[in-house]
Amino acid sequence: MLRICIYIVKILIISYSIALIIQSLSDYGLKNSEDNIFSHWKSILKGKIDSEIIILGSSRGVVSYDPKIFSKQTELTTFNLSFDAAPYNLQRIKLEAYLEKNAVPKVIIQNVDMAHFNKSYSIPNKFQFIPFMGKNTLQEELKKVDPDFGKYYTIPLVKYNGSVNFLKIGLLNIFNERSSTQTFAQAYNPKNLQFKKDIHNLERLDNLENSSRGFDRFKPGLDALEEILNEIPSETIVFLVWAPEHFERLKYAKHFRSKIEKRLEELNNAHSNVHYLNYSRDSISLHSNLYYDTFHLNKKGATIFSEKVSKDIFEILK
Amino acid sequence: MLFNSIPYLIFLPSVFLIYWIIFGKSLKLQNLFLLLASYLFYAWWDYRFLLLIFLSTAIDYYCGIFISESNNIKKRKWWLGLSLMTNLGLLGFFKYFNFFIDSWSAAWADLGVDLNVSSLNIILPVGISFYSFQTLSYTIDVYKKRMEPSQKFLDFALYVSFFPQLVAGPIERAQKLLPQILHKRKFNIEQAKSGLHLIIWGLFKKMVIADTCAIYVNSIFENYQNLDSFNLILGAVFFSFQIYCDFSGYSDIAIGTARLFGINLMQNFNYPYFSRNIGEFWRRWHISLSTWFRDYLYIPLGGSKGTMDQTIRNVFIIFVVSGLWHGANWTFIIWGGLHALLFIPVLLMKRNRLYLDSPAYNKFFPSIQEILQMVLTFLLVTFFWIFFRAETLSSAFGYISRLIDLSNYTKLSIEKSAIQLVLLLLFFVFLEWFNRQSEHPINGKFQILKISFIIILILIFGNYSDKQEFIYFQF
């Protein structure tokens with residue numbers, strides 16, 4: 001009996017060791033890859049970004065705000081910290097992860113819209129956290145959103161289950177040369193696509209006002225925003241920016257939209273360091289060639305919008 | 001509890017350690033403990049059906065004794081009839097009641113008569129198809145005087161409900177399993193290691209191959225109307241591997257688990273996709289069920305000893321009943337019928353007993369003829385699996401008609417991940433081919449490294465979804 005137990009223990013030790021080595025190599029390779037989501041998170045978690053301007057948002061934040069334009073206009077370092085497919089509760093986690101290791105920024109540009117205030121109960125694109133799973137604040141906070149997140153991560157290679165491509169990329173990346181200059185991977189990722197009307201999203205928006213939850217779905221998000229604004233030091237200037245939406249989209253959920261706008265104006269008035277900039281009905285909205293769907297600007301639209309917003313921000317900051 | 005689940009990961013080592021360390025010196029206590037563990041295992045699925053398995057056990061135990069004690073042939077037949085009626089009656093009710101009601105109503109509806117009969121909301125007890133056949137084989141063997149009945153109820157109950165093979169086989173014969181239960185078992189490290197290797201190999205087949213194929217199969221079969229024929233071919237091939245790896249994987253885990261307790265179960269799969277004709281396929285696929293039907297239905301009907309008409313009839317009955325055993329759906333009946341159509345010519349030409357050895361025996365590579373034979377047999381079996389997998393006859397025919405429509409071969413769009421799966425399957429086929437004369441690839445040198453490699457593959461590629469049950473649980 002003892003011999004079989006020893007045999008099993010030998011198997012477990014050897015399997016665990018080999019799996020741990022493979023995992024560690026792949027984690028190392030992913031973290032040291034360049035200019036992708038892994039290097040983006042590594043930049044944040046290692047600290048030393050210490051950017052003067054932080055841009056926050058979900059997919060609108062990712063595609064619409066070019067940090068180089070903001071940096072050039074304002075002459076302040078700018079870092080796009082947006083979190084794709086993530087509403088306010090997940091963006092807050094990312095911001096807190098950033099602030100844990102980096103200096104508090106002088107300016108926060110927070111993209112807002114209806115989708116921003118709709119709480120998420122799942123984590124989008126979980127693969128981006130693969131090399132960073134462990135006993136850390138980020139994992140603990142993400143587990144509050146999704147209790148199954150990172151389950152069994154202590155068993156090596158389980159976190160790569162379902163993400164074999166990243167295991168491959170991580171292992172191959174060990175052999176790649178790295179550039180010696182330090183650059184921080186931004187979240188900004190514009191899409192160079194032509195406009196296509198996203199009818200299914202418009203239909204969903206149309207059904208929104210008739211849904212049983214009504215405006216209540218947005219209240220926790222708006223309350224959370226107020227809470228954050230109360231916590232942010234008064235020296236930090238916060239810009240709540242509503243990016244332009246395609247004119248087709250503006251026809252829907254007007255009642256909810258106006259209620260949210262009203263609340264944002266109240267927050268603007270209640271805090272001297274908060275500025276609400278509403279571009280939702282800007283002239284950009286009328287040009288389909290500046291969008292790739294009714295909610296997201298394409299690369300050309302992002303450039304025009306970034307220049308517009310950065311100029312306005314610069315004027316306020318002066 | 002599923003074999004690839006956390007509860008089982010806790011259950012099995014606990015039972016194993018208690019069985020050998022605490023009860024190792026007493027056969028009676030070992031058997032009692034194993035019986036309780038088996039009932040716990042079964043209750044984990046659904047405790048409501050514990051009474052059913054107990055009832056089936058009790059009836060067959062006493063029927064066996066009364067059959068043996070009586071010299072009156074009528075009384076013997078009566079007790080056998082009671083056992084048959086109980087087992088087949090329960091099986092028929094739980095598994096086929098709704099099917100017959102619905103089919104009967106549909107048939108009358110086609111004639112314009114609305115019978116207005118509603119079906120019942122019946123839950124199928126897990127494993128009923130397996131343990132019913134297992135206990136039936138016992139009472140029939142006792143009736144035929146092939147064996148003496150068990151005199152100890154607890155030992156017989158363990159034979160019926162032994163947990164490794166309770167829910168999905170192999171369907172064990174009492175003549176083979178009961179003596180092992182009745183005799184003292186001594187811990188044998190090589191037997192235990194062999195069991196462990198088989199469990200790990202079975203988990204690999206299930207979690208890596210079968211469950212990965214299942215993702216594509218489900219998607220392809222649900223959406224076949226919109227896919228090109230290349231994807232439909234892939235869907236059928238993936239299902240061939242899914243069902244093979246799912247079921248043989250389960251059998252491997254069952255057999256391996258039993259070995260940990262010093263009990264040897266029968267082999268249930270013997271590399272069936274390396275078969276050179278359909279006769280050989282049915283000697284290698286689900287061996288416990290096919291031999292059960294051969295011994296308890298085919299031979300009593302006369303087998304192939306009568307006229308040609310009788311032989312053809314008997315073959316048809318076997319395969320159709322085998323299809324029906326798998327499920328209460330016309331798709332399974334058609335599947336069985338198709339196999340009968342393919343098997344009959346082989347039988348009549350007396351080619352069903354060819355190829356008793358392993359293909360390319362003691363050689364590295366098969367001959368061109370063997371390759372062609374294996375490929376053809378595999379393709380035919382794969383084609384028939386379409387009926388097995390389809391939810392309804394119309395979807396099966398829809399799938400096939402789209403598959404054979406030449407205009408659907410013009411556009412080739414296969415996902416990269418599907419190509420990766422094809423490569424994984426090729427790797428698996430090579431692995432099985434080069435180990436076809438042994439039980440599994442883990443034997444031989446560097447066992448611990450081989451096992452570690454397989455565990456790592458399970459960690460990376462294994463599907464951990466709780467929803468991926470074993471296919472044969474539904475039967």
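Lettering of chains follows the sequences in order, A, B, ..., and the numbering in each one begins at 1. Heavy-atom basis, side chains included; hydrogens, waters and symmetry copies ignored. No experiment lies behind these values; they were computed from the predicted model shown.
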With a cut-off of 6.0 Å (strictly less than), are more than 12 heavy atoms of other residues, nucleotides or ligands near NE2 of B:His183? no
Below 4.5 Å from any heavy atom of chain B, which atoms of A:Ile155 appear? Answer side chain, backbone, both or neither. side chain
Should A:Met1 and B:Phe16 count as side-chain neighbours, where that means a heavy-atom distance under 4.5 Å? yes
Are B:Gln447 and A:Ile11 close enough that some pair of their side-chain heavy atoms sits under 4.5 Å apart? no
Side chain from CB out, backbone as N, CA, C, O: work out which of these in B:Ile6 comes under 4.5 Å of a heavy atom of chain A, or both, or neither. side chain
Which atoms of A:Tyr16 are under 4.5 Å from chain B, going by heavy atoms: the side chain, the backbone, both sets, or neither? neither
Exceeds 12 heavy-atom contacts within 6.0 angstrom, atom CD of B:Gln225: yes
So B:Ile456 and A:Gln23, do their side chains get closer than 4.5 Å, heavy atoms only? no
Inspect the surroundings of CZ in B:Phe434 and state if more than 12 heavy atoms from other residues, nucleotides or ligands are less than 6.0 Å away. yes
Check whether B:Ile460 gets within reach of chain A through its side chain, its backbone, both or neither, counting any heavy atom under 4.5 Å. both
Closer than 3.5 angstrom, by distance alone: can the side chain of A:Asn161 be matched with the main-chain N or O of B:Gly462 as a donor-acceptor pair? yes
Look at atom NZ of A:Lys299 and say whether more than 12 heavy atoms of other residues, nucleotides or ligands are closer to it than 6.0 Å. no
Are there more than 12 heavy atoms of other residues, nucleotides or ligands under 6.0 Å from atom NZ of A:Lys300? no
Got a sec: does the NZ of B:Lys186 have more than 12 other heavy atoms crowding it under 6.0 Å? no
Other residues, nucleotides and ligands only: do more than 12 of their heavy atoms fall within 6.0 Å of CZ on B:Phe453? no
Tell me, side chain or backbone of A:Ile4 under 4.5 Å from chain B's heavy atoms, or both, or neither? both
Residue part contacting chain A, namely of B:Ile454, when any heavy atom lies under 4.5 Å: neither
Given that the side chain runs from C-beta out, which part of B:Leu459 has a heavy atom under 4.5 Å from chain A: side chain, backbone, both or neither? both
Within-4.5 Å side-chain heavy-atom neighbours: B:Phe461 and A:Val164: yes
Output the distance between atom CG (B:Leu449) and atom OG (A:Ser15), rounded to the nearest 0.5 Å. 9.0 Å
Other residues, nucleotides, ligands: >12 heavy atoms within 6.0 Å of B:Trp433 CH2: yes
Spatial distance of atom OG (B:Ser452) from atom CD1 (A:Ile18) [nearest 0.5 Å]: 5.0 Å
Nearest-0.5 Å distance, CD1 of residue A:Ile8 to CD1 of residue B:Ile451: 9.5 Å
